[in-house]
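Let me begin by presenting the structure, written as structure tokens, before commenting on it.
Predicted model only: the values in this text are computed from it and were never measured. Quick note: numbers below take in every heavy atom, side chains included, and nothing from hydrogens, waters or symmetry partners. Just so it is clear: chains get the letters A, B, ... in the order the sequence lines come, proteins before strands, and each one is counted from 1.
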There are 2 protein chains.
Amino acid sequence: MNSLQLSHRLVPELTGKLRSRYRVLQRVYLHQPIGRRSLAHVLGTTERILRADVELFKEQGLIDVGPLGMSVTEAGEALIAELDPVIRALDGRHDTEHVLARALGIEHVTIVAGDSAEDEIVMRDIGHAAAHTLRSHLRLPCTVAVTGGSSMAMIADMMPRAAQPQAIEVLPARGGLGERVELLANTIASQLADKLGGTYRMFHVPESLSKATAERLSQEPSVSEMVQRIRGADIVIHGIGDALTMARRRRLDDATIELLRSRGAVAEAFGYYFDAQGCIVHVMNTVGLRLEDLSGIRAVIGVAGGAAKGAAIRAVALAYQIDALVTDEGAARAIIEQCQK
Amino acid sequence: MNSLQLSHRLVPELTGKLRSRYRVLQRVYLHQPIGRRSLAHVLGTTERILRADVELFKEQGLIDVGPLGMSVTEAGEALIAELDPVIRALDGRHDTEHVLARALGIEHVTIVAGDSAEDEIVMRDIGHAAAHTLRSHLRLPCTVAVTGGSSMAMIADMMPRAAQPQAIEVLPARGGLGERVELLANTIASQLADKLGGTYRMFHVPESLSKATAERLSQEPSVSEMVQRIRGADIVIHGIGDALTMARRRRLDDATIELLRSRGAVAEAFGYYFDAQGCIVHVMNTVGLRLEDLSGIRAVIGVAGGAAKGAAIRAVALAYQIDALVTDEGAARAIIEQCQK
DNA sequence: CCAACAGGGACTATTTGCGTCCCGCTATGT
DNA sequence: ACATAGCGGGACGCAAATAGTCCCTGTTGG
């Protein structure tokens, strides 16, 4: 029982204020630089009510105010980091993390507050937490394989920039997925490498190949070398998608979509589609990381948020061994509900 | 850095409330049963302002309200105990304790909030803390020697009653001191033994004997046996007095008082008078514990509070080895001031 | 050069907190 | 047995802190 929980008995209004102020400070951090007005809009409160908080933060030296808006100082950033586990324990996320860890057989689960489906900024927080998780798993020298997707893009965005070059190589886990360039694994690998002070390699392989073409392509020396590198990565960090959403985003043909639907596909991860029991129901014909490679990889990190992702997360956790999961309260609730059924 | 100190950055108004509420709850505990009106009077606030706190405590199940007033529940008592170190650290007493411990060469110093000279209830708190200290030093079976005085009486009063008999023998350290029966070492020994579930022995020896009579008395078998027991005690817990105050209370003759004054006596403990350097300037001719016996005793616990006792505490700390000191902020401040001179 | 958004100030409405006075109840002492 | 002192709790009204609203000025970026 820590001192805060004890104090809660004597000053119950404490926790509410602490949480709300933490939330405000964290939002400033995630949005910085940002003005009071937009912050108020984002947080769903009024501007006036934020002024009290902002003035407090300012005199505590937690934020700087500039012409572009507010941004948190180093001290503020440190406070956010130090207070994170406190808040986490305070609203029971710490307990939920353990429940989830046991239910899914994942060693380390991190749940950020909110639901990224309802509030897009929660995605940034997931990115922040996932960046932290990734960094904690790095052991130099190190090869990191990444997938595409919005969660992954956010990780690269929220990753703090390394002061010095580091012996890290970032690779895309598979050929291109998705259509928007900023969500491609190649793009994300380059951004992440940039932030980490490491190097990256691109991997240009078209999607939806015929099986024969894919195999021939794999035998090309340049491709084959990349595939070797990827399969020998130390860390894989990947998004977890909803099967049908991903299928549509990849413009799969109607027949395949119907196949997925009929086989009860709920989850997608690096080109594999899984049903609720974690069985593979479909595989994309692309080149790169295969499911069977995962067992040889030191750390497999999954990232996904939003209530709709609950089923998908649970499915992939059944399908293969995940070492660390970063998600949000929305997804966590959904998973726990599913497990109780 | 604990969670409360971290939270203080985001919710600074919190600590003030926590402290004041803790103070209120603690006062209820020390005065129980007590009504809102008298509590308000004691705390120097208004009744109305306490109502908010009291209602909170009630709904938190920390106090019971009865026709005789309020009293704290077991849960409340536990909370007070658990929160004590938190508050102690919060208002810097924890640091002061370490400063004092180093300055006086005492291993364990406990400082309770307030000044018992200004507020008599602080004496109860000292008693409470000293009772706790004493209990923490008990190793059964155990012999405890006690002196007289108001501090000591308060310890017996605040000592929680043991559920079962325990192998503890409580003895008066020396012959009777003081005039009021409730402050006599014999009385306190019996009360303390009662609370601890132990046994006690009385020791009736008149004060201010001639040296010859005292020596003859010591050779009486019954007296001699008691003296042996006392000198072999495991724990000595004693009050520390101001020299002149004690001299007057014991109705010493004017010549002796003048002697004490001329020799710069500032402190008194179990019949010995010390100057500011800790040198013995006078000894009462009574029978019982001698200064030289202290070195063979496992734990010597000193208890004294109030700004006026500062010099006395410092003097006895120089005179002999004290293992644990229980005092208040008033005395602590006085000691630190003295040391800086 | 101007539109947009930044922080900060001023005024008002609302809520909360607190002082004050009162009542009914129950132990306690005569 | 009764009077009384002390208990908790209710009610009302004022004052102060809090929050809503509107406005002003400076900076930035197209």
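Residue contacts shown for B:Leu39 are absent, as no nucleic acid heavy atom lies under 4.0 Å away.
With sequence neighbours left out, A:Ser151 forms a side chain to side chain donor-acceptor pair (under 3.5 Å) with no residue at all. Partners of B:Glu77 according to the side chain to side chain donor-acceptor pair (under 3.5 Å) rule, which considers only residues two or more places apart in sequence or in another chain, do not exist here. Residues forming a salt bridge (Lys or Arg N to Asp or Glu O under 4.0 Å) with A:Asp242 (at least two apart in sequence, or on another chain): none. Applying the salt bridge (Lys or Arg N to Asp or Glu O under 4.0 Å) rule to A:Asp194 yields the partners A:Arg161; only residues at least two apart in sequence or on another chain are considered. Partners of A:Arg88 by salt bridge (Lys or Arg N to Asp or Glu O under 4.0 Å), not counting sequence neighbours, listed by chain and number: A:Asp84, A:Glu97. Residues meeting the salt bridge (Lys or Arg N to Asp or Glu O under 4.0 Å) test with B:Glu118, sequence neighbours left out: none.
The salt bridge (Lys or Arg N to Asp or Glu O under 4.0 Å) contacts involving residues 150-159 of chain A comprise A:Arg124-A:Asp157, where partners must be two or more places apart or lie in separate chains. The stretch residues 53-74 of chain A participates, sequence neighbours left out, in these salt bridge (Lys or Arg N to Asp or Glu O under 4.0 Å) pairs: A:Arg21-A:Asp53. Residue pairs meeting the ring-ring contact (aromatic ring centres under 6.0 Å, His included) criterion with at least one partner in residues 2-37 of chain A, sequence neighbours excluded, are A:Tyr29-A:His128.
For the pair A:Arg48 and A:Ser38, both in contact range of DNA chain C, the more 5′-proximal nearest nucleotide belongs to A:Ser38.
We find that NZ of B:Lys58 is positioned 15 Å from P of D:dC7, with the value rounded to whole Å. Going from atom CG of B:Asp53 over to atom C1' of D:dG8 covers 16 Å, rounded to whole Å. We find that CD of B:Glu13 is positioned 12 Å from C1' of D:dA17, with the value rounded to whole Å. One atom, CZ of A:Arg36, and another, C1' of D:dT21, lie 13 Å apart when rounded to the nearest Å.
Annotation: side chain of B:Leu4 is in contact with side chain of B:Leu14 (closest heavy-atom distance under 4.5 Å).
Rounding to the nearest 0.5 Å places OG1 of B:Thr133 at 7.0 Å from CD1 of B:Ile237.
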Please enumerate all protein N or O atoms sitting under 3.5 Å from an N or O of nucleotides 22-30 of chain D, with distances to 0.1 Å.
{"residue": "D:dC23", "atom": "N4", "partner": "A:Arg37", "partner atom": "NH2", "Å": "3.3"}

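For the helix from C:dC1-D:dG30 to C:dT30-D:dA1, the angle separating the two terminal helix axes comes to 20°, with each axis derived from five pairs and the value rounded to 10°.
Taking every nucleotide of DNA chain C with any atom under 4.0 Å from a non-hydrogen atom of chain B, the first and last of them, 5' to 3', are C:dC18 to C:dA27.
A close approach under 4.0 Å does occur between a side-chain nitrogen or oxygen of A:Thr46 and OP1 or OP2 of D:dG20.
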